[in-house]
Amino acid sequence: MPSDQSTWLLSVPQGHDPQGTYQKLVNALAQQAKLPSRNVGQLAIPTFKTGTLDSLIALSEDLPKQENFFTATVAKTVDTLRNLLNNDPSKLTQHILIDESSVDSYLLGSWKWKEGRYDVQKSLRELVDILNREMASIDNALKTKLNNYNLVKGSLTQMQRKQTGNLSVRSLADVVSRDDFVQDSEYLETVLVAVPKALAKDWSSKYERLTQMVVPRSSKLIAEDDEYSLFSVVIFQRVHDEFVQKCRENKFIVRDFVYSEEEIVKQRQELQMAATTEKELWTELLRLARTNFSESFQILVHLKVIRLFVESVLRYGLPAEYMGIVIKPEPKSVKRVFNVLQTQFAYLSPKSNAAQQGKASGDEFIGEYQTLMDQEFFDFVIYEVPWIIT
């Protein structure tokens with residue numbers, strides 16, 4: 001039985017009174033399954049060029065692969081939107097639109113094939129190739145834009161992390177000032193050391209003796225956080241490497257920082273530029289993903305309609321005139337809806353057909369393939385469009 005989390009696309013032979021058949025189904029669904037008429041719509045399946053039996057069978061084998069790719073592309077687009085919008089369902093609903101209308105309105109509002117864009121005079125294979133090229137282009141464009149955004153966002157996140165981490169890792173540009181450093185000395189330098197708070201007393205008692213040439217009483221507390229205290233100390237440049245090694249042995253962390261007003265200004269500008277660029281790319285990606293969802297969803301539905309047609313020809317034969325129906329079942333009534341469909345279209349059963357008519361040339365057209373189709377499908381041809389869960 002089809003999923004209770006999808007909209008169903010059906011195809012049956014058109015018959016002599018398609019409108020009457022459709023209305024009879026709508027009434028039965030309302031009475032027996034309590035399904036509102038707004039949850040049922042018509043799907044205008046074009047009369048495509050059928051081609052040869054071999055070409056139809058080949059398409060029947062290829063279309064599921066294409067459909068998987070198309071469905072995955074739509075899903076990736078939705079995931080991109082969801083991530084950009086911080087998993088906010090209300091905001092996501094505002095962006096998963098088809099030409100500014102809801103998915104339900106698009107599917108249930110008397111759906112029609114875009115003939116101006118996809119000429120039904122072309123062969124089915126040509127139409128599938130066109131849809132595939134369009135979907136591949138959408139997929140590639142989104143991948144490129146998403147990769148660019150992720151690179152910039154990653155760089156910005158790294159910069160921001162340096163602004164918010166503890167004193168052992170964060171940027172010190174906004175922590176220290178010019179007065180904390182020995183300036184323009186040929187022999188002396190100021191070193192910044194992040195000391196775990198539990199070792200602050202050890203630092204005070206040890207720093208002067210870690211190496212030779214440490215200026216006595218030069219240690220000064222500059223800043224503190226919950227984990228570390230940041231001290232400055234003045235040493236001779238010639239013992240820098242040894243001093244760093246001794247600090248490491250005592251679990252004191254020497255920060256690799258050289259005071260430069262120009263460098264501090266540069267870091268601030270880079271952070272601001274990265275934030276601005278990230279926002280711009282976020283906006284561009286959101287706009288692209290929104291557009292791509294509309295386009296890719298429509299392409300997916302067009303492919304499913306082709307698949308409905310192909311399987312209908314293989315199942316019911318010629319003439320290739322079929323009635324399409326869209327049904328959005330409500331989760332609590334899925335079984336009742338499906339039972340109504342089975343009852344309404346029981347006359348399409350191969351056994352029923354065999355009892356009503358002999359084997360004409362149209363039946364021979366599908367031959368042994370009919371047996372295969374009977375094993376895989378119901379009496380009506382049905383495919384599903386998964387719901388977009390917000």
Side-chain angles (χ1 to χ4, degrees), residues 76-77 79-88 91 95 140-186 188-197 203 218-235 237 240-241 243-245 247-248 251-292:
K76 282 189 287 185
T77 305
D79 284 343
T80 299
L81 284 168
R82 186 177 283 113
N83 292 334
L84 290 173
L85 300 169
N86 296 319
N87 293 313
D88 187 326
K91 291 182 179 179
H95 292 278
N140 290 333
L142 186 63
K143 281 181 182 176
T144 299
K145 185 69 72 173
L146 183 59
N147 287 340
N148 290 341
Y149 172 72
N150 285 336
L151 285 173
V152 172
K153 184 180 180 182
S155 177
L156 175 62
T157 300
Q158 189 175 5
M159 291 182 185
Q160 291 173 333
R161 189 177 294 122
K162 290 181 179 180
Q163 302 296 316
T164 58
N166 62 48
L167 288 168
S168 71
V169 294
R170 65 170 294 184
S171 170
L172 300 178
D174 294 324
V175 176
V176 299
S177 68
R178 182 181 181 85
D179 294 337
D180 295 321
F181 294 85
V182 173
Q183 298 291 327
D184 305 321
S185 172
E186 186 176 351
L188 300 176
E189 66 172 317
T190 300
V191 177
L192 300 179
V193 184
V195 178
K197 281 206 164 182
W203 166 261
S218 62
S219 176
K220 183 175 72 170
L221 177 64
I222 296 178
E224 289 182 294
D225 59 24
D226 293 339
E227 300 175 66
Y228 289 89
S229 298
L230 183 69
F231 292 94
S232 65
V233 61
V234 180
I235 65 173
Q237 295 176 11
H240 177 91
D241 292 344
F243 183 80
V244 170
Q245 179 61 35
C247 283
R248 188 178 296 119
K251 299 182 180 179
F252 307 145
I253 302 172
V254 175
R255 297 298 311 274
D256 185 14
F257 182 86
V258 177
Y259 185 83
S260 166
E261 291 185 355
E262 292 80 6
E263 187 63 28
I264 291 174
V265 171
K266 181 181 177 182
Q267 287 182 15
R268 289 172 180 165
Q269 290 176 340
E270 288 177 347
L271 178 60
Q272 183 177 1
M273 184 177 297
T276 301
T277 303
E278 187 271 343
K279 184 61 178 177
E280 291 174 351
L281 289 179
W282 181 91
T283 303
E284 292 176 11
L285 182 58
L286 181 67
R287 186 184 302 117
L288 178 65
R290 178 188 173 107
T291 301
N292 279 6

Are Q245 and R248 linked by a side-chain donor-acceptor pair shorter than 3.5 Å?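 Yes.
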
ring-ring contact (aromatic ring centres under 6.0 Å, His included) partners for Y228, two or more places apart: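 Per chain and number, Y228 pairs via ring-ring contact (aromatic ring centres under 6.0 Å, His included) with no residue.
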
Looking at [Y], is its backbone amide N or carbonyl O close enough to the side chain of [X] to form a donor-acceptor pair, meaning the two atoms are under 3.5 Å apart?
X: T190; Y: F181; value: no
X: K197; Y: E224; value: no
X: E278; Y: V152; value: no
X: W203; Y: V195; value: no
X: T291; Y: R287; value: yes
X: D180; Y: S177; value: yes

Going from [atom1] on [X] to [atom2] on [Y], what distance comes out if it is rounded to the nearest 0.5 angstrom?
X: S168; Y: D225; atom1: OG; atom2: CG; value: 8.0 Å
X: Q163; Y: Q160; atom1: CD; atom2: CD; value: 8.5 Å
X: R178; Y: E261; atom1: CZ; atom2: CD; value: 5.5 Å

List the steps and the verdict of side-chain contact (heavy atoms from CB on, under 4.5 Å) for I222 and F231. CA-CA 6 Å; I222 296 178; F231 292 94; over 6 Å; no

Any Lys/Arg nitrogen of R82 or D79 sitting under 4.0 Å from an Asp/Glu carboxylate oxygen of the other?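 Salt bridge present between R82 and D79.
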
Show the atom names and distances, to 0.1 Å, of all donor-acceptor pairs under 3.5 Å that link a side chain in residues 251-258 to residues at least two apart or in another chain.
unit_1 : atom_1 : unit_2 : atom_2 : d
R255   : NH1    : L167   : O      : 2.7
R255   : NH1    : R170   : O      : 3.0
R255   : NH2    : R170   : O      : 2.8

